[in-house]
Amino acid sequence: MIKYDFKKIEKKWQERWLDEKVFRADDKSKKPKFYQLETFPYPSAEGLHVGHPKGYTAEDIHARFMRMRGYEVLYAMGWDAFGLPTENYAIKVGKNPKEVAKANIKNFKRQVQMFGFSYDWDREINTSDPEYYKWTQWLFIQLFKKGLAYRAKAKVNWCPKDMTVLANEQVVQQNGKNVCERCKSEVVQKEMEQWFLKITDYVERLIEDLGPGTATLDATASKKAKVEARGSLDWPEATIKRQKDWIGKSEGALLKFEVRTDRSDRTLQAKRSSKQSDRTTPTFIEVFTTRPDTLFGATYLVLSPEHKLIGNNELGIRNYEEIQRYIEKAKRKTGLERMTEAKDKTGVELEGVKAINPATKEEIPVWVADYVLGSYGTGAIMAVPAHDERDFDFATKHNLPIRMVVCPHYPAPTCPVLDEAYLGEGHMVDSGKFDGMESEKAKWEITKFVGGKRKVQYKIRDWSVSRQRYWGVPIPMIHCEKCGIVPVPERDLPVLLPDLEDYRPKGKPPLASSEKFIKTKCPKCGGEAEREPETLDTFVDSAWYYLRYTDPHNDKMPFDKLRASHWMPVDFYVIGAEHTVLHLLYSRFITKFLHDEGYLSSGGGSATGGKFQEPFLKLRHVGLIIGADGQKMSKSRGNVVNPDELLEVVGADVVRVYEMFMGPFDQGQPWDTQGVLGAERFLQRVWKLYSDANIRMHANDTNNANFGRLLHKTIKKVTEDIETLNFNTAISAMMILLNEMEKQDKLPVKSYELFVKLLAPFAPHMAEEIWHEILDHKTYLHEEKWPEYDPKLIKEEKFTLVIQINGRVRDSVEVEAGISQAEAEKLVLAREKVRAYLKGAKPKKVIYVPGRLISIIF
RNA sequence: GGGCAGGUGGCGGAACGGUAUACGCGUAGGUCUCAAAAACCUAUGGAGGCAACUCCUUGAGGGUUCAAAUCCCUCUCUGCCCACCA
């Protein structure tokens, strides 16, 4: 037997594939297109983690499979190379981030290439390359021109360690604290002037185009019906839901409550006595509510601690000092305290201040409490304790009146007790002329009655993109004293990121200290001006990279409209579930924007056949590989598996097969070094099969129907499993076939060839070696046609009929496939074993499931 | 507190109304060998029995059904996500 020298063989094929550019995606191909997108990695200094190749192998299998099925596949790789970790690492080792990034990419590329992934390397991109970020800057300018990039003062999330602003999406919860997604330091709130992208302008379409979801379909609905119900997006249900939740749309009304204070009473008296016309406009507190129907039950108002009416004491609050102390305390609360105290609703009443319920005209108290958020709605609420659990808790604690105004049953013989009332719809009670009206209708009638406005409110806020750090895309803007903010003319792009001696963060952008960079002329008036020293959030870089792959070397445009439209939308995207609200939402926004601006047109050969405003049609998440100890892999736990060592010891094909065999693709599994051995044995046996069997190899098909049936069943199974990403069962099916092949006295060469084709996407190096060197073919396997199964050959001639008596399996018998119920019954009832159970009794009922079982009840 | 996913041998998992434990790992015994490794063969959920066989078993309990790991209800545990959004 020839030893399988994986090192030599894997290297040989990788070089040939690369040199001959066999995986080049042809823009002009006549074949139907398939765009398969790989999450381009952030090239960290640590290099590849065993988790990376799991997603990559799955995509590579799928890409190779699609090629064999006759598609022209666009499948490429690139580097999301800007960003904090590289910069922080560079600071640590005292190097330039540019050098560090270059070295990291080189290392990543070396590792990735050792796995033999079938990328079109001519399309490799790098976000830190001026040829790429020139177009990121171009994109920013287009957004600016449309008023979608703007500067505003806002409270931002500030990471004190990284000394930069973070987007809301980049702030995560850990142990009850708001921490930086990257470095896990606690985030503080800071008021700063910032660049924002107006994603909120696209919010309706971002919801709408996710589709209606499949919630209305019952479980029996076909997969196709489900996909159609979602519009054209085939995404995991949970991902769609999370994005919708993040956008957080709610419909309600803005209602105004007039404020009465000691001071306004005095004004009123003064007005009366002097008979002056009303020149002082009354003060109002505006609230947002989704339940305007419950207005008659609003028994008090609550302001958030951040509310501007209590910022200075213009209302003349009598206990202002106490209020201030409360606000200060609320501000200092950590996320953890907020969480644990969520049930314990604290608050202070504003003394000397009352509000008028516009429906009842009653005076109601006004409170400040930190259960009301300053950042949502108007920062103030009307509290309806009977119909809101939080208000109920607060009212109970502070002894405020509770008035029920919606009754689930009407006419109401008995209304349910209060704590059952909360959210339900029903009919109005105790609400003046609205009594008896359906609450849903009353929402808008009552809003109209008190002069309120309908309002749609979202949780999502505009995307903050300013970063006060060095290693990113310079924002292509110029500040001119005369002309204001002026974009850099497009002919002057890119604005190059200068090499700085000292690029460390100092709380202000490092670029600000480079006079050479900052000082410039205003493109409008020609006067002295300054460049914007901030850099862009790296999520801007990655929000359009999939478009660049379609035309990566274009130096006139970010991409050619026809090329982009030919390849887009992405047909299949595998991505970690952690990107659900960040990258995916941003990418959808940018695609819609570019579509609106006419840079993208109808999709080319895609299945959608028409317009696309969605970048990613089919989306799946890859499950995390965890350490052998069941813990997440991390350096500190010492449970990290290094792919370099694995590749050295067992080679790429074995790692690929093992990672696909571990379990369901979208679920996480612990790493098992012993398990790798199983994959290795499997491939060794595939290899050995020929050497051992070359005596047995037979040019002609044998008449072994059983073997032929298994072969065709395996073709069917593997084909379907790749389509559905059930790689573990696909491999198991191939193992079963291999077990059987080993038992054959005469193994037809044709069968072996079919098997090698099935194996090719999983273990491409070994398959290619066998195909060329043993089976003596000149073509590459991915140019071969994917095997098709013959439905006729799959049909069983016989099957095992299971015999159940009174619901228990008691016997079984081999029978002809076409056996009728009458025949089966006769045969079964004649069996001794069955007779022993029946003891002469007559069966009451017989259930026959063709091809499976017969169930006798007596 | 809410949402989602899930709990099947010693382990990863398969089956998703129709013979539970496919496939792989591990373990035990065997073949080969002076020996060991590798490779190959056999066995391998639990209890009982010399045996043929019988009973039990998919987190716990209940229900539907001729038949439930699978469908329904209650509980429980684990993982992930969200978390006062009016």
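All figures in this text were calculated on a predicted structure; none of them were measured in a lab. Proteins come first, then strands; the chains are lettered A, B, ... in the order of their sequence lines, and each starts at number 1.
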Rounded to the nearest angstrom, tell me the gap between atom [atom1] in [X] and atom [atom2] in [N].
| X | N | atom1 | atom2 | answer |
| --- | --- | --- | --- | --- |
| Lys459(A) | A86(B) | NZ | P | 6 Å |
| Gln669(A) | G79(B) | CD | C1' | 13 Å |
| His621(A) | C4(B) | NE2 | P | 16 Å |
| Lys688(A) | A38(B) | NZ | P | 14 Å |
| Gln667(A) | G13(B) | CD | P | 7 Å |
| Ile460(A) | C82(B) | CD1 | P | 14 Å |
| Asp666(A) | G79(B) | CG | C1' | 14 Å |
| Lys345(A) | A86(B) | NZ | P | 14 Å |

Hey, are the side chains of [X] and [Y] touching, using non-hydrogen atoms and a 4.5 Å cut-off?
| X | Y | answer |
| --- | --- | --- |
| Ile240(A) | Lys244(A) | yes |
| Ile857(A) | Ile847(A) | yes |
| Ile247(A) | Leu585(A) | yes |
| Leu582(A) | Trp246(A) | no |

In whole Å, what separates the [atom1] atom of [N] from that of [M]?
| N | M | atom1 | value |
| --- | --- | --- | --- |
| G7(B) | U58(B) | C1' | 9 Å |
| G61(B) | C23(B) | C1' | 33 Å |
| G63(B) | C50(B) | P | 37 Å |
| A22(B) | U8(B) | P | 15 Å |
| A69(B) | G62(B) | P | 14 Å |
| A68(B) | G17(B) | C1' | 7 Å |
| U74(B) | U64(B) | C1' | 15 Å |
| U70(B) | U19(B) | P | 14 Å |

Suppose we screen for ring pair (Phe, Tyr, Trp, His ring centres under 6.0 Å). Which residues come up paired with Phe755(A), at least two apart in sequence or across chains? none
Could I get the full list of ring pair (Phe, Tyr, Trp, His ring centres under 6.0 Å) partners for Phe762(A), not counting sequence neighbours? none
Report the residue (Ile856(A) or Gly668(A)) whose heavy-atom-nearest nucleotide on RNA chain B is the more 5′ of the two. Gly668(A)
For Gly374(A) and for Pro670(A), find the nucleotide of RNA chain B with the closest heavy atom, then tell me which residue's nucleotide is more 5'. Pro670(A)
Any residue of residues 376-384 of chain A with a heavy atom less than 4.0 Å from an atom of RNA chain B: Tyr376(A), Ile381(A)
Pairing residues for Tyr837(A) by the side chain to side chain donor-acceptor pair (under 3.5 Å) criterion, not counting sequence neighbours: Arg810(A)
Heavy atoms from C-beta onward define the side chain here; which of G12(B), A15(B), A39(B) lies closest to that of Lys717(A)? A15(B)
Geometric cation-pi criterion Lys345(A) and Tyr371(A), 6.0 Å radius, 45° cone: yes
Looking for any heavy atom pair under 4.0 Å, which part of the strands does Lys241(A) touch: base, sugar-phosphate only, or nothing? sugar-phosphate
Note: [X]-[Y] ion pair, threshold 4.0 Å (strictly below):
| X | Y | answer |
| --- | --- | --- |
| Lys241(A) | Asp245(A) | yes |
| Arg291(A) | Asp388(A) | no |
| Glu796(A) | Lys713(A) | yes |

Identify all pairs in which a protein N or O lies below 3.5 Å from an N or O of nucleotides 17-20 of chain B, and state each distance.
unit_1	atom_1	unit_2	atom_2	d
G18(B)	N2	Gln804(A)	OE1	3.0
U19(B)	O4	Thr800(A)	OG1	3.4

So, using side-chain contact (heavy atoms from CB on, under 4.5 Å) as the criterion, who are the partners of Arg835(A) when residues are at least two apart? none
Taking side-chain contact (heavy atoms from CB on, under 4.5 Å) as the definition, give me every residue that meets it alongside Lys459(A), ordered by chain and number, with sequence neighbours left out. Tyr376(A)
Centre-to-centre under 6.0 Å for Tyr300(A) and Phe394(A), is that the case here? yes
Can you tell me which residue pairs pass the salt bridge (Lys or Arg N to Asp or Glu O under 4.0 Å) test with a partner in residues 714-739 of chain A, sequence neighbours excluded? Arg69(A)-Glu723(A), Lys716(A)-Glu720(A), Lys717(A)-Asp721(A)
Restricting to pairs with a member in residues 657-675 of chain A, which pass salt bridge (Lys or Arg N to Asp or Glu O under 4.0 Å), not counting sequence neighbours? none
Could you write nucleotides 47-57 of chain B as a row of B, S and -, 5' to 3', where a protein heavy atom under 4.0 Å of any base atom gives B, of only sugar-phosphate atoms gives S, and otherwise -? -------SSS-
With syn defined as a glycosidic angle within 90° of 0 and anti as everything else, classify G6(B). anti
According to the Watson-Crick and G-U wobble definition with distances under 3.5 Å, which dot-bracket string, read 5' to 3', encodes RNA chain B, using [ ] for crossing pairs and | for pairs with another strand? (((((((..(((.....[....)))((((((.......))))))((((....))))..(((((..]....))))))))))))....
Indicate the ring-plane relationship of Trp671(A) and Tyr658(A), choosing parallel, tilted or perpendicular according to the 30° and 60° boundaries. perpendicular
Distance, nearest 0.5 Å, that separates CG of Leu829(A) from NZ of Lys842(A): 10.0 Å
Enumerate all atom pairs, one protein N or O and one N or O from nucleotides 22-28 of chain B, separated by less than 3.5 Å.
unit_1	atom_1	unit_2	atom_2	d
C25(B)	OP1	Arg681(A)	NH1	2.6
G26(B)	OP1	Gln674(A)	OE1	2.8
G26(B)	OP2	Arg681(A)	NH1	3.3

